[in-house]
Amino acid sequence: MLREVVPRRLEVLTGAIARVDDQGQPQLATAQADIMLVDTIDYPMLLRVGTTVVAIPQAVRAVVEVKSGLARGAKFIDAVDQLGRLQLDAGADNPFVTALFSFGAPTKSATFRGWLEDVIEARAKRGNAVTAASDAEAKRTAREAQAALAPPFLPDLLFSDEGAIAMKIDDAGKPAYRFYECEAGAPTAVAFLDQMMMLTAPRVIETVPADPAVAGRVTKAFRLVSSFLRAPLAEAKKCAILQVA
């Protein structure tokens with residue numbers, strides 16, 4: 001569905017993002033991305049076979065991890081960890097939108113809240129592993145694992161096709177999640193596409209050439225798409241905001 005609605009400047013691809021070293025140079029790609037929204041107009045691919053690519057971090061605007069279903073514990077934490085590591089590999093200077101989409105469970109937004117609390121707990125345990133590490137390499141590995149679950153690298157969007165929705169927000173200067181449900185029976189998939197376009201548009205506009213005409217065309221394209229995808233959301237009942245700092 002993404003391929004049908006994204007403006008032409010972006011391609012919907014799969015593959016990997018080249019890892020960036022301490023000097024900002026691309027290295028061997030490691031983690032795989034299920035879906036990437038990639039700017040292929042202004043940036044070359046390091047490798048391409050059909051719709052499978054190795055992209056440079058500067059070209060990536062969004063990444064979506066897709067699951068047939070999720071479950072509490074390792075399955076959910078591993079999916080969140082995967083997205084966090086992709087961002088770590090890309091480097092702090094190349095932020096992109098991240099989303100986790102499940103075609104199955106969970107069915108309630110409150111379930112996402114409980115699972116995110118588990119992520120916070122897992123991050124704390126990884127912090128303990130950093131302290132307990134006995135040598136430099138073990139400490140580096142433990143720090144990377146902890147960083148993958150740090151607030152800046154947690155998914156911007158969590159959606160399930162069964163109706164559970166969570167979105168990362170800024171709550172009085174602190175990272176947090178707010179939980180939603182679709183209004184009037186609107187399809188969750190449409191709401192997901194709507195939110196993806198809303199979050200991705202600013203990242204794209206920031207990176208287009210410094211030409212008002214080009215920026216104007218890109219902005220118009222995203223607004224047009226959003227006007228067709230509008231899917232109102234309501235805050236989930238009895239599901240308080242969860243701070244994740």
Side-chain angles (χ1 to χ4, degrees), residues 15-34 36 54 57 60 62-102 105-106 109-158 160 164 166-179 239-245:
I17 303 171
R19 188 180 181 120
V20 174
D21 65 16
D22 294 338
Q23 284 71 49
Q25 298 300 310
Q27 303 293 311
L28 181 67
T30 52
Q32 297 291 304
D34 290 336
M36 300 187 290
V54 176
V60 181
V63 171
V64 183
E65 183 79 2
V66 181
K67 300 295 182 185
S68 58
L70 290 167
R72 186 165 203 163
K75 192 168 186 177
F76 180 72
I77 293 171
D78 287 349
V80 172
D81 179 272
Q82 170 82 350
L83 286 169
R85 288 180 186 272
L86 284 167
Q87 290 189 91
L88 283 171
D89 285 354
D93 294 333
N94 303 298
F96 47 79
V97 176
T98 58
L100 178 56
F101 187 91
S102 169
S109 299
T111 303
F112 268 143
R113 193 182 194 284
W115 293 358
L116 285 165
E117 289 175 339
D118 293 344
V119 170
I120 297 171
E121 183 179 340
R123 186 175 69 225
K125 290 180 179 178
R126 293 183 182 190
N128 294 335
V130 173
T131 304
S134 58
D135 58 75
E137 180 60 23
K139 195 172 287 291
R140 184 196 65 78
T141 301
R143 282 202 182 104
E144 188 173 279
Q146 182 188 25
L149 300 183
F153 301 132
L154 295 178
D156 297 297
L157 300 174
L158 297 166
S160 84
M167 300 195 311
K168 194 162 67 174
I169 62 168
D170 184 304
D171 183 34
K174 296 181 179 180
Y177 278 92
R178 181 171 280 145
F179 304 90
C239 194
I241 288 174
L242 174 67
Q243 290 194 348
V244 292

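We number each residue from 1, following the sequence as shown. Scope of the values below: all heavy atoms of this structure, side chains included, with no hydrogens, waters or symmetry mates.
- To the nearest 0.5 Å, the span separating CG on L157 from CZ on F101 amounts to 11.0 Å.
- With respect to the salt-bridge test (charged N to carboxylate O, under 4.0 angstrom), the residues R85 and D81 qualify.
- Residue D118 holds its CG atom at 12.0 Å from CZ of R113, rounded to the nearest 0.5 Å.
- Of the candidates D34, L70, V63, L100 forms a side-chain contact (heavy atoms from CB on, under 4.5 Å) with just one, namely L70.
- Nearest heavy-atom pair across Y177 and P155 is OH-O, 2.5 Å.
- A33 and L86 make their closest contact through CB-CD1, 4.1 Å (heavy atoms, listed as atom of the first residue, atom of the second, distance).
- A heavy-atom distance below 4.5 Å is not found between the side chains of L242 and F112.
- The two residues A90 and P57 make their nearest non-hydrogen contact at O-CB, 3.5 Å.
- In this structure, R72 contributes its side chain and G114 its backbone to a donor-acceptor pair below 3.5 Å.
- Here the closest non-hydrogen pair linking W115 and P106 is CZ3-CD, 3.6 Å.
- K67 places no side-chain N or O within donor-acceptor distance of the main-chain N or O of F76, the cut-off being under 3.5 Å.
- Across all their heavy atoms, R126 and A145 have their closest contact at NH1-O, 2.7 Å.
- Atom OG1 of T98 is separated from atom CG of D156 by 4.0 Å, given to the nearest 0.5 angstrom.
- Between atom CE of residue M36 and atom CZ of residue F96 there is a gap of 9.0 Å, rounded to the nearest 0.5 Å.
- A16 and Q32 get closest at one heavy-atom pair: CB-NE2, 3.6 Å.
- Within the 4.5 Å cutoff, the side chain of K139 has heavy atoms near those of the V130 side chain.
- Note: I169 CD1 to Q243 CD = 8.5 Å, rounded to the nearest 0.5 Å.
- With rounding to the nearest 0.5 angstrom, the CD1 atom of I17 is 8.5 Å from the CD atom of Q87.
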